[in-house]
Number of protein chains: 2
Amino acid sequence: MAAPTDISSTFAKGLVVLKCFDGDSTHLTVPEIARRTGLDRAVTRRLVLTLVHLGYVAQEDRAFSLTPRILVLAGGFLQGRRFGKLIQPILAAYSAQAGLPFSLAMQDESQAVYVAHAGDQDEPRLGFTVGSRVPMDTTAIGRALLETDSAGELLETDGTFEPGIIGIACAVVRDGEIVAAIGTSAPRKLMQDPLRRAHVVPSLQNCAQALSELF
Amino acid sequence: MAAPTDISSTFAKGLVVLKCFDGDSTHLTVPEIARRTGLDRAVTRRLVLTLVHLGYVAQEDRAFSLTPRILVLAGGFLQGRRFGKLIQPILAAYSAQAGLPFSLAMQDESQAVYVAHAGDQDEPRLGFTVGSRVPMDTTAIGRALLETDSAGELLETDGTFEPGIIGIACAVVRDGEIVAAIGTSAPRKLMQDPLRRAHVVPSLQNCAQALSELF
DNA sequence: AACCATATGCGCGATAATCGCGCAAGCTCT
DNA sequence: AGAGCTTGCGCGATTATCGCGCATATGGTT
């Protein structure tokens with residue numbers, strides 16, 4: 001085990017354990033976690049029990065699952081960046097103007113992570129939450145995070161991620177750097193209407209402009 | 001340092017470090033974190049560097065701050081419980097029916113943690129995000145999480161948390177246990193209107209009923 | 001019902017990772 | 001420019017971690 005003195009391997013292992021509770025695997029047993037992480041069963045047990053001790057994980061019989069406390073960590077990020085007080089209202093205002101749900105995403109390595117949503121999706125088709133990840137190359141919001149050249153320009157993808165859905169996105173640029181992206185999506189029929197497009201596109205651009213001052 | 005063999009103290013310390021990035025303290029230096037956590041500076045440094053190594057924390061000069069990756073952990077909880085696909089649409093539907101923003105909270109020790117919001121607050125007055133915490137005794141949504149006797153009954157608080165704001169909340173009960181609470185709030189003037197109340201209250205109750213089947 | 005195979009909980013000694021002292025370098029204020 | 005404080009980080013002692021291995025629980029098969 002490579003052990004640079006600057007890295008705490010125990011802590012790193014613990015975070016790997018925490019991370020393996022994903023959307024598909026909510027209730028895990030110690031051996032299951034051990035298999036997923038490649039850690040020794042006894043080590044896994046101790047790390048999971050530590051999480052239980054601190055209240056991040058709950059135990060029912062042999063199954064372990066995350067508690068809402070994990071959201072407090074996310075809250076540290078969201079509140080620190082004033083998502084609730086500043087960003088959310090802006091996103092909501094432009095979303096209402098456009099009549100479509102707006103989402104805000106940031107880059108995390110090779111994926112786009114949703115950090116805020118506004119304008120409720122009436123249909124549960126995609127079901128994204130805060131913390132949901134989507135690929136960068138097949139989604140409008142992901143591509144917007146990458147297009148360093150055409151900063152601020154609108155990007156559109158058509159059914160590349162979800163069949164029949166068109167996504168439009170726009171980078172949020174601060175000091176020449178892309179710091180985030182906002183996007184919206186709708187069924188192709190809806191989005192192809194030129195009138196609607198003419199209404200939605202400026203809203204996205206203005207919203208991105210307004211948000212850029214908050215990053 | 002009490003060291004039961006079942007608890008990994010290093011991991012526990014690391015999580016304490018992670019937790020000390022809260023809404024008020026976004027950019028922290030190693031000595032600041034050491035002071036807050038009571039840990040040795042060198043230990044703190046190693047734990048923070050581990051977080052940087054794993055991408056949960058970013059370093060700019062001497063300041064460390066959370067990255068969006070921390071939201072991925074929250075996503076594990078939210079997606080696992082189908083917040084995006086099932087809960088959010090229901091919350092949004094009843095919120096739209098009531099014409100007021102609805103929030104969903106769960107208990108975390110002695111506080112209520114917001115886990116979902118629907119219906120955008122047009123005014124940024126409170127600015128709650130996913131992961132925001134509020135006290136249980138002075139908020140309607142917090143009290144609803146506690147009232148084990150009158151399960152499902154509506155609770156109302158008047159200005160006890162935020163002056164001029166009335167909150168109404170209702171427990172989400174599953175198998176006789178309170179698993180969550182939904183609430184809404186509005187300025188007193190608005191909420192005191194009997195007609196509106198007659199409209200909002202059933203929406204909340206029906207929403208709680210609908211959600212109870214998903215927990 | 002009894003058996004076997006597999007999965008799981010957990011104690012304990014060896015060992016490698018952590019701890020935290022202490023020095024050197026950087027910063028700030030007078 | 002100097003003094004006092006703050007911060008970064010190397011290194012040896014020590015302690016918490018590791019993971020083997022046994023005992024128990026589980027569940028499937030004859």
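Numbered from 1 within each chain, the chains take letters A, B, ... in sequence-line order.
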Here the distance between atom P of C:dA17 and atom CG of A:D6, to the nearest Å, is 14 Å
Q.
Once you measure the plane-to-plane angle for A:F83 and A:F215, does it fall in the parallel (<30°), tilted (30-60°) or perpendicular (>60°) bin?
A. perpendicular
Q | B:R62 side-chain N/O to B:L28 backbone N/O, donor-acceptor pair under 3.5 Å | A | no
(Q) Check this one for me: any side-chain N or O of B:K13 less than 4.0 Å away from OP1 or OP2 of C:dT18? (A) no
Q) Is the backbone of B:P101 close enough, under 3.5 Å, to the side chain of B:T184 for a donor and an acceptor to pair up by distance? A) yes
Closest of C:dC21, D:dG19, C:dG9 to the A:R41 side chain is C:dG9
TODO: Could you please spell out the steps behind the side-chain contact (heavy atoms from CB on, under 4.5 Å) verdict for B:I141 and B:Y114?
DONE: CA-CA 9 Å; B:I141 206 165; B:Y114 284 108; 3.9 Å; yes
Of the candidates C:dG9, D:dG10, C:dT8, the side chain of A:V30 sits closest to C:dG9
Within residues 43-51 of chain B, those residues having any heavy atom closer than 4.0 Å to DNA chain C are B:V43, B:R46
Report each atom pair, protein N/O against N/O of nucleotides 23-27 of chain D, whose distance is under 3.5 angstrom.
unit_1 : atom_1 : unit_2 : atom_2 : d
D:dA25 : O3'    : A:R62  : NH2    : 3.2
D:dT26 : OP1    : A:R62  : NH2    : 3.0
D:dT26 : O5'    : A:R62  : NH2    : 3.4

B:L39 atom CG is separated from C:dC19 atom C1', nearest whole Å, by 11 Å
Give a yes/no answer on whether the side chain of A:S9 brings an N or O atom under 4.0 Å of OP1 or OP2 in D:dT17.
no
Ranking A:F11 and A:R35 by the position along DNA chain C of their nearest nucleotide, the one closer to 5' is A:R35
Between B:T10 and C:dC19, does any side-chain N or O lie under 4.0 Å from OP1 or OP2? yes
When rounded to whole Å, the CG to C1' distance for the pair B:D61 and D:dT6 reads 16 Å
From CD of B:E32 across to P of D:dT6 the rounded distance in Å is 12 Å
**Sidechain-backbone polar pair: A:S25 side chain, A:F21 backbone, donor-acceptor under 3.5 Å** = no
_Below 4.0 Å: OP1/OP2 of D:dA16 and any side-chain N or O of B:S8_ = no
side-chain contact (heavy atoms from CB on, under 4.5 Å) with B:F64: of B:T29, B:T26, B:V48, only one passes, and it is B:V48
Atom CG of B:L28 and atom P of D:dT7 are separated, to the nearest Å, by 12 Å
Using the rule given for side chain to side chain donor-acceptor pair (under 3.5 Å), can you reason through B:Q79 versus A:S132, listing the C-alpha separation, both sets of side-chain angles and the distance that settles it, and then say yes or no? CA-CA 8 Å; B:Q79 290 145 39; A:S132 287; 3.1 Å; yes
When rounded to whole Å, the CD1 to P distance for the pair A:I33 and C:dT8 reads 11 Å
message = Test your reading of the model: is there a side-chain donor-acceptor pair from A:T138 to the backbone of A:F161, 3.5 Å cut-off?
response = no
Atom CD1 of A:I7 and atom C1' of C:dC19 are separated, to the nearest Å, by 16 Å
> Is the shortest side-chain N to carboxylate O distance from B:R45 to B:D40 below 4.0 Å?
Replying inline: no
